[in-house]
Amino acid sequence: MNIAKILHIEENHPLLIEGLEKLGYENILAYDAPLNKLLPTLNKFKGIIIRSRFPIDKKFLDSAKQLEFIARVGSGLENIDTDYAISKNIQLITAPEGNRNAVGEHALGMLLCLMNKLRLGHQSIIRGSWLRNEHRGWELEGKTVGIIGYGNTGKSFAKKLKGFNKLNIICYDIKSNLGDKSAKQVPLEEIQKKAQILSLHIPETDKTLGIINKKFIDKMKHSFWLINTARGKIVVTDDLIDALNSGKIIGAGLDVLEYESNSFHSIFNSPKSNQALTYLLNCEKVLLSPHVGGCTYESHSKLAQTILDKIKKIN
């Protein structure tokens, strides 16, 4: 009897390996194998476990003739040719439940850090200055928070905001009837009319690429803080910079950037000079983190467990 094999392209929590073994699978670990070495072996595998190391395109899928499922230990599927995979009856498994709490906490942390100028105050003290008035911040109380994308991470962020006093939390999503006790679902125009804080929780798709652009920003009635823990390419960086310079955007917390590689591993891969990136790296109104919003010690195991539970269901 042949044992079904699962290919692990990237390292994940050990409980995923252990759990799959208990289900009767043979785990093949290929964390460092280059794509050209993997392609000739793909027809041996029933399942593939990935994060984002390289794209799963038509060539890849045609090589995996026995493939029944692809499990991404994360939420987005933009690195997978989903339409082609589905046409080949390959099940696509993701784990947005596994890191939603981590992303919600990260978004809140970035927002509080920006509004209270914590990084700037820290840097000022290190330089030997004690500038109290210059580092006066703002309170969340009484503000209107707009959330675009009210799925797993959007809901997580909203729940955490409920602990603050007199906040008006509104959300927009292309799906209807998602509003709950944490946030009222409204049309996008109401977000633009009322929001003083905007947090993005949408996937990268053809419809969301560049959605936060000059046209969108100009429609925002109030100056606002922007938090992006979703995907970098949904924000047009040049338009963000113009808004930071004009004061329309008071501050931006960016866990993701337009310039990330497809594998989300770095923003420093291009040898070309990038004035916009240089601006973000040096702007006092900007807080950056290296796409770690969903990467906590706790979410590491939660993501693996979520994937394992979903694979159990398809057996």
Requested in this report: Go through E141 and K166 one step at a time and tell me if the salt bridge (charged side-chain N to carboxylate O under 4.0 Å, His left out) criterion holds.
Outcome: CA-CA 6 Å; E141 182 177 84; K166 298 180 182 177; 5.4 Å; no
Query raised in the report: Taking the six-membered ring for Trp, are Y25 and F69 parallel (under 30°), tilted (30 to 60°) or perpendicular (over 60°)?
Result: perpendicular
Query - Straight-line distance of K5 NZ to N27 CG, nearest 0.5 Å - result: 11.5 Å
Report task. Measure the shortest side-chain to side-chain distance between F54 and I9 over non-hydrogen atoms and say whether it is less than 4.5 angstrom. Result -> yes
Query raised in the report: Sequence neighbours excluded, which residues qualify as side-chain hydrogen bond (donor to acceptor under 3.5 Å, both in side chains) partners of E190?
Result: K194
Query raised in the report: Can you find a heavy atom in the side chain of D239 that is under 4.5 Å from one in the side chain of K215?
Result: no
Report summary line: One should read off an interatomic distance between L254 CG and H291 NE2, to the nearest 0.5 angstrom, of 12.5 Å
Query raised in the report: For the hydrophobic clusters of this structure (ILVMFWY residues joined by side-chain heavy atoms under 4.5 Å, transitively), does one cluster hold both I90 and I6?
Result: no
Query raised in the report: Roughly how far, to the nearest 0.5 Å, is the CD atom of E189 from the OH atom of Y172?
Result: 8.0 Å
Query raised in the report: Less than 4.5 Å apart, any side-chain heavy atom of F157 and any of R100?
Result: no
Query raised in the report: Any sub-3.5 Å donor-acceptor pair from S124's side-chain atoms to G121's backbone N or O?
Result: no
Requested in this report: Decide yes or no for I174 and I202: does some side-chain heavy atom of the first lie under 4.5 Å from some side-chain heavy atom of the second?
Outcome: no
Query - Pair E97-N152, side-chain donor/acceptor within less than 3.5 Å - result: no
Query - H13 and its side chain to side chain contact (heavy atoms under 4.5 Å, CB included) partner, picked from K302, E18, H300 - result: H300
Query raised in the report: With sequence neighbours left out, what residues match N213 under side-chain hydrogen bond (donor to acceptor under 3.5 Å, both in side chains)?
Result: none
Requested in this report: State plainly whether one hydrophobic cluster holds both L16 and I28, where clusters connect Ile, Leu, Val, Met, Phe, Trp and Tyr through side-chain heavy atoms under 4.5 angstrom apart.
Outcome: no
Query raised in the report: Can you name the residues that form a side-chain hydrogen bond (donor to acceptor under 3.5 Å, both in side chains) with S75, not counting sequence neighbours?
Result: none
Query raised in the report: Should F224 and I227 be regarded as members of a common hydrophobic cluster, given that ILVMFWY residues are connected when their side-chain heavy atoms come within less than 4.5 Å of each other, either directly or indirectly?
Result: no
Query - Heavy-atom side-chain proximity of T306 to K310 below 4.5 angstrom - result: yes
Query raised in the report: With no hydrogens and no angle check, do the side chains of S156 and K160 hold a donor and an acceptor under 3.5 Å apart?
Result: yes
Query raised in the report: Quick one: CD1 on I48 to CG on L7, what's the gap to the nearest 0.5 Å?
Result: 5.5 Å
Report task. Please identify each residue that fulfils side-chain contact (heavy atoms from CB on, under 4.5 Å) with I125, with sequence neighbours left out. Result -> W130
**Report entry** Interatomic spacing from CG in L277 to CD1 in I241 - rounded to 0.5 Å
**Finding:** 8.5 Å
Report task. Quick one: list whatever passes side-chain contact (heavy atoms from CB on, under 4.5 Å) with Y31, sequence neighbours left out. Result -> H8, E11, I17, L29
Query raised in the report: Are the side chains of F164 and L108 in touch, meaning some heavy atoms are under 4.5 Å apart?
Result: yes
Query raised in the report: Same cluster or not: are L303 and L23 linked, directly or through other Ile, Leu, Val, Met, Phe, Trp or Tyr residues, by side-chain heavy atoms under 4.5 angstrom apart?
Result: yes
Query raised in the report: How far does CG of L226 sit from CG of L111, to the nearest 0.5 angstrom?
Result: 10.5 Å
Report task. Please list all pairs passing the side-chain hydrogen bond (donor to acceptor under 3.5 Å, both in side chains) test where one or both residues lie in residues 241-256, with sequence neighbours left out. Result -> N245-Y279, D255-S289
Query raised in the report: With hydrophobic residues grouped by side-chain heavy-atom distances under 4.5 Å, do I50 and I314 end up in a single group?
Result: no
